[in-house]
Peer 1: 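If you scroll down you'll find the structure; I have some questions about it.
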Protein chains: 2
Amino acid sequence: MARKTGSHSEITGPRIRAAALKLFARHGFAAVSMRQIAAEVGVQAGALYLYTPDKETLLFDLLKEHMDELIAAWEAEPRGASPRERLEAFVRFHIRFNLERPDAVFLSYMELRNLGPGNFAAIEALRRDYENRLEAILSEGQAAGTFAAPDTKLATLAIIAMLTGVNTWYREGGRLSRDRVGDIYWDMVRKSVAA
Amino acid sequence: MARKTGSHSEITGPRIRAAALKLFARHGFAAVSMRQIAAEVGVQAGALYLYTPDKETLLFDLLKEHMDELIAAWEAEPRGASPRERLEAFVRFHIRFNLERPDAVFLSYMELRNLGPGNFAAIEALRRDYENRLEAILSEGQAAGTFAAPDTKLATLAIIAMLTGVNTWYREGGRLSRDRVGDIYWDMVRKSVAA
DNA sequence: GTCTATACCTTGATAGAC
DNA sequence: GTCTATCAAGGTATAGAC
């Protein structure tokens, strides 16, 4: 604390983003000041502007990074042979990934409106990209006769909303383990689109 | 405009709440200033404090009113004879009611964190009250052998998250009518908890 | 009941010393 | 790379005239 000199650019940058993520998720983008973020990191407010041109860009970078990681992580996931296996993998993956990053998930759903039109469109496109991967699974299964969703696009949105909702109530050390939650949701999802 | 005298307390109060609801939903509680709300209504900022002691109370009143209306409307809904009929009624009611009040629904999910502990607890209690009404339906059906949800509490939260999600994508005049959306979601919900 | 005026504070962002 | 100091703008809330 009160370190006056020296170069920390490789440390300070990530710490600023971590602090911003935590504070934005907790209090909301508009309610958090640059001074609060700086205080959390242990630097003065002016120093933040060495790492971001402005507050909105700081938010955008957090959301972009989250969406990129989400899609990359799903791509790296082992791929099931059948649509049914792929759907099960998706359900378990989505719950697990989101529970590991509650703050970023919260931000992604709540603070999009604080982005300018260009930044907003970029995040939206990534979100749609992710949704399309689920819809592709449903469509395949539909064609194969495994699934009988009344509407694959709506089923996609319904399933994602349902799964993402876990983040609003799940607490570590509660009644159910993450795996058990995955089991329960997989059972409901499987049946909801069953033929 | 520029009306200087006269008494409008019965008109101005509701107009302030309507303006606050619209602006809070659009830009977020923290991002909206009392001056903006006043401008939307067409009065000066100082005048707002005749109708609310502070900004947070204004938000609380909007959320409280919404939750009270939600529960009252569900109570007024015709009651099905069987658990299956009651579940169908709930699904259709929830979608319909929420689509009629997108701003209030949005606020109820996004701005709870801007309430102090007491106000927060009051809204949370109402939300839980509403959820319990759905869980009661599922438990009854479970006892009767109509449903076979792996966990009625989680099924409750999953169904509500799924249904509330409709508000994030539904657009008037789009591909599907509200009734058709109700049909599709009812099909998925029904199967998801089916025996 | 509403206005004008204002007290007092915090905001995002920048300039220049070190 | 970080600090201190600062700016103009805008924030909530109140006081007192009408």
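Letters go in sequence order (proteins before strands), and every chain restarts at 1.
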Peer 1: Considering only side-chain heavy atoms of B:S33, which listed nucleotide, D:dT2, C:dG1, D:dT12, is closest?
Peer 2: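 Looking only at heavy atoms from C-beta outward on B:S33, the closest nucleotide is D:dT12.
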Peer 1: Are the charged groups of A:E131 and A:R128 less than 4.0 angstrom apart, N to O?
Peer 2: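 Between A:R128 and A:E131 there is no salt bridge, as every charged N stays at least 4.0 Å from the carboxylate O atoms.
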Peer 1: In chain order, what residues pass the side chain to side chain donor-acceptor pair (under 3.5 Å) check against A:T57, with sequence neighbours excluded?
Peer 2: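 For A:T57, the residues satisfying side chain to side chain donor-acceptor pair (under 3.5 Å) (neighbours in sequence not counted) are A:D54.
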Peer 1: Once the angle between the rings of B:H94 and B:Y130 is folded into 0 to 90°, is it parallel (under 30°), tilted (30 to 60°) or perpendicular (over 60°)?
Peer 2: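 B:H94 vs B:Y130 ring planes: parallel.
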Peer 1: Starting at CG of A:N114 and ending at C1' of C:dG12, how long is that distance when rounded to a whole Å?
Peer 2: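 In whole Å, C:dG12 C1' and A:N114 CG are 14 Å from each other.
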Peer 1: In terms of side-chain geometry, is the basic nitrogen of B:D61 or B:K64 positioned less than 4.0 Å from the acidic oxygen of its partner?
Peer 2: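 Result for this pair is no, no salt bridge flagged.
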Peer 1: Whole Å only: how far is the CD atom of B:Q36 from the C1' atom of D:dG10?
Peer 2: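 Atom CD in B:Q36 sits about 10 Å away from atom C1' in D:dG10.
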Peer 1: May I have the distance from A:I16 (atom CD1) to D:dG1 (atom C1'), rounded to whole angstrom?
Peer 2: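 So the CD1-C1' distance, A:I16 to D:dG1, works out to 11 Å.
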Peer 1: Can you tell whether the side chains of B:E69 and B:R101 come within less than 4.0 Å, N to carboxylate O?
Peer 2: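 So B:E69 pairs with B:R101 through a salt bridge.
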Peer 1: Is the backbone of A:L62 close enough, under 3.5 Å, to the side chain of A:E65 for a donor and an acceptor to pair up by distance?
Peer 2: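 Looks like no, no N/O pair under 3.5 Å.
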Peer 1: Please classify the nucleic acid contact of B:V32 as base, sugar-phosphate, or nothing, using heavy-atom distances under 4.0 Å.
Peer 2: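 Result for B:V32 = sugar-phosphate.
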Peer 1: OP1 or OP2 of C:dG1 versus the side-chain N and O atoms of B:T12: is any pair under 4.0 Å?
Peer 2: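 Checking C:dG1 against B:T12, no side-chain N or O comes under 4.0 Å of OP1 or OP2.
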Peer 1: Which whole-number value in Å describes the distance from A:R15 CZ to D:dG1 P?
Peer 2: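 Going from CZ in A:R15 over to P in D:dG1 covers 15 Å.
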Peer 1: Distance check needed: D:dG11 C1' versus B:I37 CD1, whole Å only.
Peer 2: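 So the CD1-C1' distance, B:I37 to D:dG11, works out to 12 Å.
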Peer 1: Protein-nucleotides 13-15 of chain D N/O pairs closer than 3.5 Å?
Peer 2:
residue: D:dA13; atom: OP2; partner: B:Y49; partner atom: OH; Å: 2.9
residue: D:dA13; atom: OP2; partner: B:K55; partner atom: N; Å: 3.3

Peer 1: Atom CG of B:L50 and atom P of C:dT4: how far apart are they, to the nearest Å?
Peer 2: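 My rounded result for the distance is 14 Å.
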Peer 1: Between B:Q44 and C:dT2, does any side-chain N or O lie under 4.0 Å from OP1 or OP2?
Peer 2: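 So the side-chain polar atoms of B:Q44 never come under 4.0 Å of the phosphate oxygens OP1 or OP2 of C:dT2.
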